[in-house]
K.L.:
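Attaching a single structure in structure tokens format; questions to follow.
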Amino acid sequence: MIKTENLTKQFGPITALSNLTTEITSGRIYGLVGSNGAGKSTLLRLLAGIYSPTQGSITFDGQPIYENNSAKQAIYFVADDLYFPQGATMASMAGYLCGIYTNWNWQRYQELTRLFPIPEKRKLQTCSKGMKRQAALVLALSAMPQLLLLDEAFDGLDPIIRVALRKMLADCVARHNMTVIIASHNLRELEDVCDQVGLLHQGKIMFQRELEDLKLGFCKVQAVFRPMPSQEELDAQVDIMKIETSGSLLHLVVRGGADQVLPALEGLHPLMCEAVPLTLEEVFIYEMEAVGYDYNNVLF
């Protein structure tokens with residue numbers, strides 16, 4: 001389990017994280033979302049033991065991480081700004097990392113290098129951004145960490161590799177109880193892979209929920225009425241978050257599940273009424289509006 005208590009990280013006059021308190025249970029894929037500058041990368045670097053807290057604490061499985069080699073053995077961090085030493089190749093990096101990570105798995109490494117065919121002796125600095133990302137992920141998964149930290153994990157990957165990566169991450173969680181934290185400002189890329197998501201804003205977790213629970217809290221409806229009911233009639237039936245009309249077609253976002261909302265609207269005798277799936281991006285926007293934030297200044 002990851003646990004932070006009043007975690008604060010400052011860089012001179014800049015406060016990147018402020019009194020952040022949260023828990024992330026093991027064996028899940030957790031999406032950490034927020035705008036640029038929200039503190040996502042700082043939190044990952046604290047979890048990796050690169051930074052030390054200015055105040056408060058951060059632990060993994062009950063152990064502090066900074067300057068704790070035993071804790072770091074179980075943690076692997078893939079940064080957004082990838083770096084490989086001058087002249088490094090896949091073969092040289094694998095040889096180096098197997099001496100650091102005691103759980104390094106050569107069989108896993110061979111399997112992954114067949115799936116991601118990067119020449120073992122090619123200098124990684126000559127590779128494209130996408131190939132460098134693939135190389136970093138191969139090395140990360142071969143290290144068999146208990147906690148895998150990914151900053152913009154899918155950046156630069158083509159659609160086929162993205163699908164393969166999602167499957168591999170799910171397999172690692174299911175087979176090895178690995179915990180994966182993916183930091184991103186792109187909600188769409190997290191929607192198909194995460195179990196839980198947390199919104200980081202101005203150095204604090206605003207809310208953290210199971211993905212399915214988030215989506216169950218809202219319902220998006222398209223309905224056709226003739227005549228169009230009044231706002232008062234609609235408000236009497238459902239809790240409206242957003243309403244738009246286009247001729248006789250009504251678009252609604254309301255609180256509650258489709259099993260509650262659709263029967264309630266049937267009382268107004270629509271010609272057509274159907275629920276439409278909400279994207280994770282839409283869910284976060286409505287959550288932000290509900291707590292009084294202007295999402296245009298927070299996300300994306």
K.L.:
Taking all non-hydrogen atoms of both residues, which atom of Ala153 and which atom of Leu137 are closest, and how far apart?
P.N.:
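In this case the closest contact between Ala153 and Leu137 is O-CD1, 4.2 Å.
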K.L.:
Would you mind reporting whether Met93 and Pro85 have side-chain heavy atoms less than 4.5 Å apart?
P.N.:
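SC-SC contact between Pro85 and Met93 confirmed.
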K.L.:
Kindly say whether Leu82 contributes a backbone atom to a donor-acceptor pair with the side chain of Lys132 at under 3.5 angstrom?
P.N.:
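Flag not set: sc Lys132 to bb Leu82 has no pair under 3.5 Å.
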K.L.:
So which heavy atom on Cys273 is nearest to which on Glu266, and how close?
P.N.:
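That closest heavy-atom pairing would be CB-OE2, 4.1 Å.
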K.L.:
Dump the intermediate steps for side chain to side chain contact (heavy atoms under 4.5 Å, CB included) on Leu7 and Thr22, then the final yes or no.
P.N.:
CA-CA 9 Å; Leu7 179 65; Thr22 192; over 6 Å; no
K.L.:
Under a 4.5 Å cut-off applied to non-hydrogen side-chain atoms, are Ile75 and Pro145 in contact?
P.N.:
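Side-chain contact under 4.5 Å: no.
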K.L.:
Compare all side-chain heavy atoms of Val276 with those of His251 and state whether any distance is below 4.5 angstrom.
P.N.:
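No; the side chains remain at least 4.5 Å from each other.
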K.L.:
Between Lys40 (side chain only) and Leu32 (backbone N and O only), is there a donor and an acceptor less than 3.5 Å apart?
P.N.:
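Here the side-chain-to-backbone pair does not exist.
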K.L.:
Output yes when a side-chain donor or acceptor of Thr15 lies under 3.5 Å from a complementary backbone atom of Gln10, and no otherwise.
P.N.:
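Here the side-chain-to-backbone pair does not exist.
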K.L.:
Quick check: are there more than 12 heavy atoms from other residues, nucleotides or ligands sitting under 6.0 Å from NE2 of His176?
P.N.:
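Counting other residues, nucleotides and ligands, NE2 of His176 exceeds 12 neighbours.
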K.L.:
So, does Ser184 use its side chain to make a donor-acceptor pair with the main chain of Val33 at under 3.5 Å?
P.N.:
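Judged by distance alone, no pair lies under 3.5 Å.
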K.L.:
Who clusters with Met228? Use side-chain heavy atoms, under 4.5 angstrom, across I, L, V, M, F, W and Y, and order the result by chain and number.
P.N.:
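Members alongside Met228: Val221, Phe225, Leu234, Val238, Ile240, Ile243, Leu250, Leu252, Val254, Val261, Leu262, Leu265, Leu268.
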K.L.:
Count I, L, V, M, F, W, Y as connected when their side-chain heavy atoms are under 4.5 Å apart, and connections chain through other members. Are Leu148 and Leu97 then in the same cluster?
P.N.:
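Shared cluster, yes.
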K.L.:
How would you list all residue pairs meeting ring-ring contact (aromatic ring centres under 6.0 Å, His included) that involve residues 52-83, not counting sequence neighbours?
P.N.:
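Passing the test, one end in residues 52-83: Tyr76-Tyr101.
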K.L.:
With the side chain counted from C-beta on, respond yes when Ile24 and Gln208 share a heavy-atom pair under 4.5 Å apart, and no when they do not.
P.N.:
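Yes - at least one pair of side-chain heavy atoms lies under 4.5 Å apart.
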K.L.:
Between CZ of Arg133 and CG of Leu150, what distance do you get to the nearest 0.5 Å?
P.N.:
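Arg133 CZ to Leu150 CG: 8.5 Å, rounded to 0.5 Å.
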K.L.:
In terms of hydrophobic clusters joined by side-chain contacts under 4.5 Å, are Met1 and Met178 together?
P.N.:
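Not linked; separate clusters.
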K.L.:
Testing the basics here: between Asp151 and Arg45, what is the closest heavy-atom pair and its distance to 0.1 Å?
P.N.:
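Looking at all heavy atoms of both residues, the shortest contact is OD2-NH1, 4.0 Å.
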K.L.:
Would you say the side chain of Arg122 lies within less than 4.5 Å of the side chain of Met131, judging by non-hydrogen atoms?
P.N.:
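Yes; the side chains approach each other to less than 4.5 Å.
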K.L.:
Do Met144 and Leu112 sit in the same hydrophobic cluster, where Ile, Leu, Val, Met, Phe, Trp and Tyr count as joined when their side-chain heavy atoms come under 4.5 Å apart?
P.N.:
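No: no chain of side-chain contacts under 4.5 Å links Met144 to Leu112.
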K.L.:
Indicate whether the side chain of Gln63 and that of Ser70 have a donor and an acceptor atom separated by less than 3.5 Å.
P.N.:
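On atom types as modelled, these side chains qualify, holding a pair under 3.5 Å.
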K.L.:
In Å, rounded to the nearest 0.5 Å, how long is the span from CZ of Phe154 to CD1 of Ile161?
P.N.:
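If we round to the nearest 0.5 Å, Phe154:CZ and Ile161:CD1 are 12.0 Å apart.
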K.L.:
How long is the straight-line distance from NZ of Lys72 back to CD1 of Ile65, given to the nearest 0.5 Å?
P.N.:
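Going from CD1 on Ile65 over to NZ on Lys72, the span is 9.0 Å.
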K.L.:
According to a hydrophobic-cluster definition based on side-chain heavy atoms being under 4.5 Å apart (Ile, Leu, Val, Met, Phe, Trp, Tyr only), do Leu165 and Val163 belong together?
P.N.:
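No, Leu165 does not connect to Val163 through the hydrophobic network.
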K.L.:
Other hydrophobic cluster members with Val224, side-chain heavy atoms of Ile/Leu/Val/Met/Phe/Trp/Tyr under 4.5 Å, chained?
P.N.:
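Val224 shares its hydrophobic cluster with Leu249, Leu271, Met272.
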K.L.:
Is there a side chain to side chain contact (heavy atoms under 4.5 Å, CB included) between Cys127 and Leu124? Walk through the geometry before answering.
P.N.:
CA-CA 5 Å; Cys127 293; Leu124 292 172; 4.3 Å; yes
K.L.:
Looking at every non-hydrogen atom in both residues, tell me the closest pair between Val173 and Gly27 and how far apart they are.
P.N.:
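In this case the closest contact between Val173 and Gly27 is CG1-O, 3.3 Å.
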K.L.:
Kindly compute the distance separating CG (Leu147) from CD1 (Ile181), expressed to the nearest 0.5 Å.
P.N.:
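Rounded to the nearest 0.5 Å, the CG-CD1 separation comes to 5.5 Å.
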K.L.:
State, with a plain yes or no, whether a side-chain heavy atom of Gln134 is found less than 4.5 Å away from one of Leu157.
P.N.:
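Result yes, sub-4.5 Å side-chain heavy-atom pair found.
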K.L.:
Is the shortest side-chain heavy-atom distance between Thr54 and Lys9 below 4.5 Å?
P.N.:
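Yes; the side chains approach each other to less than 4.5 Å.
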K.L.:
In terms of hydrophobic clustering (I, L, V, M, F, W, Y; side-chain heavy atoms under 4.5 Å; direct or indirect links), are Trp106 and Met90 co-clustered?
P.N.:
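Yes, Trp106 connects to Met90 through the hydrophobic network.
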K.L.:
Give the intermediate values and the outcome of side chain to side chain contact (heavy atoms under 4.5 Å, CB included) for residues Ile29 and Arg166.
P.N.:
CA-CA 10 Å; Ile29 302 177; Arg166 288 198 293 266; over 6 Å; no
K.L.:
Return the CD to CG distance between Gln146 and Asn103, rounded to the nearest 0.5 Å.
P.N.:
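If I round to the nearest 0.5 Å, the distance is 7.0 Å.
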K.L.:
Is it true that, when you exclude Gln107 itself, more than 12 heavy atoms of the residues, nucleotides or ligands shown sit nearer than 6.0 Å to its CD?
P.N.:
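Atom CD in Gln107 is not crowded, with 12 or fewer foreign heavy atoms closer than 6.0 Å.
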K.L.:
Would you say Leu200 and Leu17 make side-chain contact, with heavy atoms under 4.5 Å?
P.N.:
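In short, these two side chains touch, coming nearer than 4.5 Å.
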K.L.:
Do Glu152 side-chain atoms and Ile182 backbone N/O form a donor-acceptor pair below 3.5 Å?
P.N.:
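No; judged by distance alone, with no hydrogens or angles, the pair does not exist.
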K.L.:
So does Tyr109 get a backbone contact from the side chain of Thr113, meaning a donor-acceptor N/O pair under 3.5 Å?
P.N.:
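Such a contact is found between Thr113 side chain and Tyr109 backbone.
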K.L.:
Search all heavy atoms of Pro64 against all heavy atoms of Ala71 and return the closest pair with its distance.
P.N.:
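Here Pro64 and Ala71 meet closest at O-CB, 3.8 Å.
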K.L.:
Nearest 0.5 Å, what's the OG-CD distance between Ser52 and Glu67?
P.N.:
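Taking OG in Ser52 and CD in Glu67, the distance rounds to 7.5 Å.
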K.L.:
Taking the inter-plane angle between the rings of Tyr51 and Phe11 on a 0 to 90° scale, is it parallel (under 30°), tilted (30 to 60°) or perpendicular (over 60°)?
P.N.:
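Geometry flag for Phe11 against Tyr51: perpendicular rings.
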K.L.:
Over all heavy atoms of both residues, which pair between Arg28 and Gln196 is shortest? Give the atoms and the distance, please.
P.N.:
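Answer, listing the atom of Arg28 first, then Gln196: NH1-CB, 3.2 Å.
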K.L.:
Before giving the answer on side chain to side chain contact (heavy atoms under 4.5 Å, CB included), spell out for Thr4 and Ile205 the whole-Å C-alpha distance, their side-chain angles and the decisive distance to 0.1 Å.
P.N.:
CA-CA 11 Å; Thr4 71; Ile205 295 285; over 6 Å; no
